[in-house]
Amino acid sequence: MLIRLEFPQSDHTRQSRLPGLLMSLFLALVLTGCAGRNVGPINEFSPDTGQHQPGLQADFSGDESVLVGVAFSGGGTRAAAFGYGVLAELDAIAIGQTPDQETLSSNIRIVSGTSGGAVLAAYFGLRGPNQFQDFRERFLVQNVENSLHTSLGSPPNLFRAVRGGMNDRNRFARWLDENLFDGATYADLYREHAILVWLNATDIHYGEPFLFRRETFAALCSDLDKVRLADAVAASAAFPVAFLPLEVMAFGSACEHDVPEWQKRALKDPHAPVRLNAHARTLAAYRSYDEPTRVRLLDGGITDNIGITGLALTRASANTPYGPLSARQAVRVDNLLFIATDAGKTAKPSWAASPQVPSLVQIGPALANATIAASVRKGFDALQLALDDWRQDIVRFRCALSDEQVLDLRGSLEDWDCANVKMTVQLLSFRDLDSDQQRRLDRIPTRLELPNKEVDLLIQAGRDTVRTNRAIQEAIDSVRQRRGPSAVQH
């Protein structure tokens, strides 16, 4: 949930406003047929769809032996601050031959995010490891909610909520565009040596993750490069009731479209992974419309709250055993580190010890938290399986190469071990911290405005989870040992 929906609190307030709220609700229900209107789709028709889906760029920092991926969960500013703390700690870990030369953050080449985590993922992907450090000042300590409708105790807001959502695209997306992304589009992400960024929303018609990828927009007869980053992030964060769904247009068969080979295979193969087949069917459906049709998007956390769908589908649809790596990268890499963050709360509900049956208002958040927690567990398990399969595919590819091929791709046969590919996959959450710290973090609400003290508490928590994670520290030690004794932590 992205922002806290506010209700009148005291009994006196509830009683005094109840008639007005009921009347507003009645009028809203009467007029529900006049659904809420957004401010237009976030994409446009393009005969040139820019279908090429970029892989990892061929020249990443250092000797290309280390590849880091991070995935940030949903959870508003709470999630973004926790994820920023993880990034800040990775940025403080030197792995180069000199402490000021190369840090672990400079080896991040895959970043994904959902909802609140999508804000951080998009910003890091846009600015890169050397210029993301102002994220705290530009977003985390800002009161974004000043530009939003948040109170369901307001009759006009209640009316807006019943009609589809309290805030349209002119609210959060415009704030992001003006205050954080500075008008950037996806074309700015695909510059030379860019980080591979995956943002996802939920297509509420098909109940599938909607991936902001060039292949998706090619199926829509549209060009992702022209889409504003702010609109993609706002779609990923469009929590129901708080926000109207954001809209993209599917232009059917109005453009030429080369169906990717993976999609053809997924549609024909009865043994194709279920997730891949569902994604292929959704893309095919976008092409089947006889006239332009609106596809409506809500919070990506509905279908994937830790943002791993992009990686899972990219691996499942890869045409090589090492994709999205290049052959050169697959031969040169020997450490792969993937970190997913989960900013979900761990506290028991306040009514857990009460003999009274909880009300619908009390049960609702608990059901949402339970659904998200289950999704995170399943998603992370799927990520671990996908990455372990990827490592095995890379090893098989490497070990099938001749010495001449290795020399051509790697430049040297010195210390070559085709099976030496280490994979570390970790989920960082509040559960990794001591009980007192957990309780303090659990009291922080999911919203888009937090006191500076709470923001800094979350940032420190993210840093602490990296420092205390044994598997991550062992991976760091392995990298440093390979690079020599002068690679030390700041």
Completion exercise
dist L336:CG -> L325:CG (nearest 0.5 Å) comes out at 7.0 Å
Exercise for the section: Evaluate the side-chain proximity of V66 to V333: yes if any heavy-atom separation is below 4.5 Å, no if none is. Expected result: no
Practice task
Taking the side chain as every heavy atom from C-beta outward, state whether R138 and D182 have any atom pair closer than 4.5 Å.
Solution key: yes
Practice task
Ignoring hydrogens and angles, state whether a donor on the side chain of T309 or D304 is under 3.5 Å from an acceptor on the partner side chain.
Solution key: yes
Exercise for the section: Would you check if the side chain of T282 reaches a backbone N or O of A278 as a donor-acceptor pair within less than 3.5 Å? Expected result: yes
Practice task
Determine whether the side chains of W262 and E215 contain a donor N or O and an acceptor N or O closer than 3.5 Å.
Solution key: yes
Exercise for the section: Tell me yes or no: between the side chains of D223 and S46, is some donor less than 3.5 Å from an acceptor? Expected result: no
Exercise for the section: Apply the ring-ring contact (aromatic ring centres under 6.0 Å, His included) test between F124 and each candidate in F139, F135, F132; give the one that qualifies. Expected result: F132
Exercise for the section: State, without any angle test, whether Q460 and D464 hold a side-chain donor-acceptor pair at a distance under 3.5 Å. Expected result: yes
Handout entry: Residue pair V144 / L176, side-chain heavy-atom distance below 4.5 Å
Key = no
Problem - Polar contact flag, side-chain donor to acceptor under 3.5 angstrom, D91-S105 - result: yes
Handout entry: Expected output: side-chain N179 to main-chain W175 donor-acceptor under 3.5 Å
Key = yes
Problem - Distance in Å, L428 CG paired with T465 OG1, rounded so as to fall on 0.5 Å steps - result: 4.0 Å
Exercise for the section: Would you please classify the geometry between the Y206 ring and the Y286 ring as parallel, tilted or perpendicular, with 30° and 60° separating the classes? Expected result: perpendicular
Completion exercise
Here the gap from I108 atom CD1 to T103 atom OG1, rounded to the nearest 0.5 Å, amounts to 8.0 Å
Exercise for the section: Please determine if D134 and R127 form a salt bridge, counting it only when a charged side-chain N lies under 4.0 Å from a carboxylate O. Expected result: yes
Handout entry: Student check: side-chain heavy atoms of L267 and R281 closer than 4.5 Å
Key = yes
Handout entry: side-chain contact (heavy atoms from CB on, under 4.5 Å) between F172 and L448, worked out
Key = CA-CA 10 Å; F172 190 39; L448 285 173; 3.8 Å; yes
Practice task
Taking side-chain hydrogen bond (donor to acceptor under 3.5 Å, both in side chains) as the test, write out the residues that go with R265, two or more places apart.
Solution key: N319
Practice task
Check whether any side-chain heavy atom of V233 lies under 4.5 Å from a side-chain heavy atom of F181, and answer yes or no.
Solution key: yes
Exercise for the section: Please confirm whether the backbone N or O of V466 pairs with a side-chain atom of N469, one donor and one acceptor, at under 3.5 Å? Expected result: no
Exercise for the section: Grab the two heavy atoms, one from A327 and one from Y322, that are nearest each other, plus how far apart they are. Expected result: N-CE1, 3.5 Å
Practice task
Applying ring pair (Phe, Tyr, Trp, His ring centres under 6.0 Å), run through F217 and F251 and close with a yes or a no.
Solution key: CA-CA 10 Å; F217 280 76; F251 295 95; over 10 Å; no
Problem - Under 3.5 Å donor-acceptor, Q438 side chain and L433 backbone - result: yes
Practice task
Could you check if a side-chain atom of L313 sits within less than 4.5 angstrom of a side-chain atom of W198, using non-hydrogen atoms only?
Solution key: no
Handout entry: Electrostatic pair D342:R431 at N-O distance under 4.0 angstrom
Key = yes
Exercise for the section: Any chance you could measure T341, atom OG1, to L427, atom CG, to the nearest 0.5 Å? Expected result: 8.0 Å
Completion exercise
For T185 and D225, the nearest pair of non-hydrogen atoms, with its separation, is OG1-O, 3.0 Å
Practice task
Taking N305 for its side chain and S73 for its backbone only, find out whether a donor-acceptor pair lies under 3.5 Å.
Solution key: no
Handout entry: Test item: S115 side-chain N/O and G117 main-chain N/O as donor-acceptor pair under 3.5 Å
Key = no
Exercise for the section: Specify the closest pair of heavy atoms between P240 and I302, including all atoms of both residues, with the distance to one decimal. Expected result: CG-CD1, 4.1 Å
Practice task
Taking atom types as modelled, find out whether Q392 and D388 have a side-chain donor-acceptor pair closer than 3.5 angstrom.
Solution key: yes
Handout entry: Donor-acceptor under 3.5 Å (Q426 side chain, A340 main chain)
Key = no
Completion exercise
In short, A250 meets L220 closest at the heavy-atom pair CB-CD2, 3.6 Å
Donor-acceptor pairs are to be reported for all side-chain atoms of residues 78-85 against protein atoms at under 3.5 Å, with residues two or more places apart or in another chain.
{"residue": "R78", "atom": "NE", "partner": "A343", "partner atom": "O", "Å": "2.9"}
{"residue": "R78", "atom": "NH1", "partner": "I444", "partner atom": "O", "Å": "3.3"}
{"residue": "R78", "atom": "NH1", "partner": "T446", "partner atom": "OG1", "Å": "2.5"}
{"residue": "R78", "atom": "NH2", "partner": "A343", "partner atom": "O", "Å": "3.0"}
{"residue": "R78", "atom": "NH2", "partner": "T446", "partner atom": "OG1", "Å": "3.2"}
{"residue": "Y84", "atom": "OH", "partner": "Q133", "partner atom": "O", "Å": "2.8"}

Practice task
May I ask you to decide whether R315 forms a salt bridge with D393, counting only side-chain N to carboxylate O separations under 4.0 Å?
Solution key: yes
Problem - Side-chain donor or acceptor of T202 paired with backbone N/O of P209 under 3.5 Å - result: no
Exercise for the section: Any chance you could lay out the side-chain contact (heavy atoms from CB on, under 4.5 Å) test for L246 and F210, step after step, and finish with the verdict? Expected result: CA-CA 12 Å; L246 272 76; F210 181 94; over 6 Å; no
Problem - Expected output: side-chain R287 to main-chain G252 donor-acceptor under 3.5 Å - result: yes
Exercise for the section: Indicate yes or no: does R410 engage D415 in a salt bridge with an N to O separation below 4.0 Å. Expected result: no
Practice task
Spell out, as yes or no, whether a donor-acceptor pair under 3.5 Å connects the side chain of Q329 to the backbone of S326.
Solution key: yes
Problem - Value rounded to 0.5 Å, distance of NE2 in H279 from CG in L211 - result: 5.0 Å
Practice task
Dump the intermediate steps for side-chain contact (heavy atoms from CB on, under 4.5 Å) on L458 and L450, then the final yes or no.
Solution key: CA-CA 10 Å; L458 288 157; L450 293 175; 3.9 Å; yes
Practice task
Starting from the C-alpha separation in whole Å, work towards a yes-or-no answer on salt bridge (Lys or Arg N to Asp or Glu O under 4.0 Å) for D417 and R398.
Solution key: CA-CA 9 Å; D417 181 354; R398 287 159 53 116; over 6 Å; no
Practice task
Find out whether L140 and I459 are in side-chain contact, i.e. whether some heavy atom of one side chain is under 4.5 Å from a heavy atom of the other.
Solution key: yes
Practice task
Determine, for D436 against R439, whether the closest basic-nitrogen to carboxylate-oxygen distance falls under 4.0 angstrom.
Solution key: yes
Practice task
Test C255 against F45 for side-chain contact (heavy atoms from CB on, under 4.5 Å), laying out the working first.
Solution key: CA-CA 9 Å; C255 67; F45 173 77; 4.1 Å; yes
Handout entry: Identified side chain to side chain contact (heavy atoms under 4.5 Å, CB included) partner of P41 from the options R169, R296, R294
Key = R294
Practice task
Answer with yes or no whether the side chains of E102 and N107 bring together a donor and an acceptor at under 3.5 Å.
Solution key: yes
Practice task
Mind checking the CG-CG spacing from N43 to D231? Nearest 0.5 Å is all I need.
Solution key: 9.5 Å
Handout entry: Pair T114-N200, side-chain donor/acceptor within less than 3.5 Å
Key = yes
Practice task
Taking all heavy atoms of R332 and all of L409, pick out the closest pair and write down the distance.
Solution key: NE-O, 2.9 Å
Exercise for the section: List the atom of F72, the atom of L87, and the distance in Å for their closest heavy-atom pair. Expected result: CZ-CG, 3.7 Å
Handout entry: Greater than 12 external heavy atoms within 6.0 Å of D434's CG
Key = yes
Practice task
State, with a plain yes or no, whether a side-chain heavy atom of P129 is found less than 4.5 Å away from one of I195.
Solution key: yes
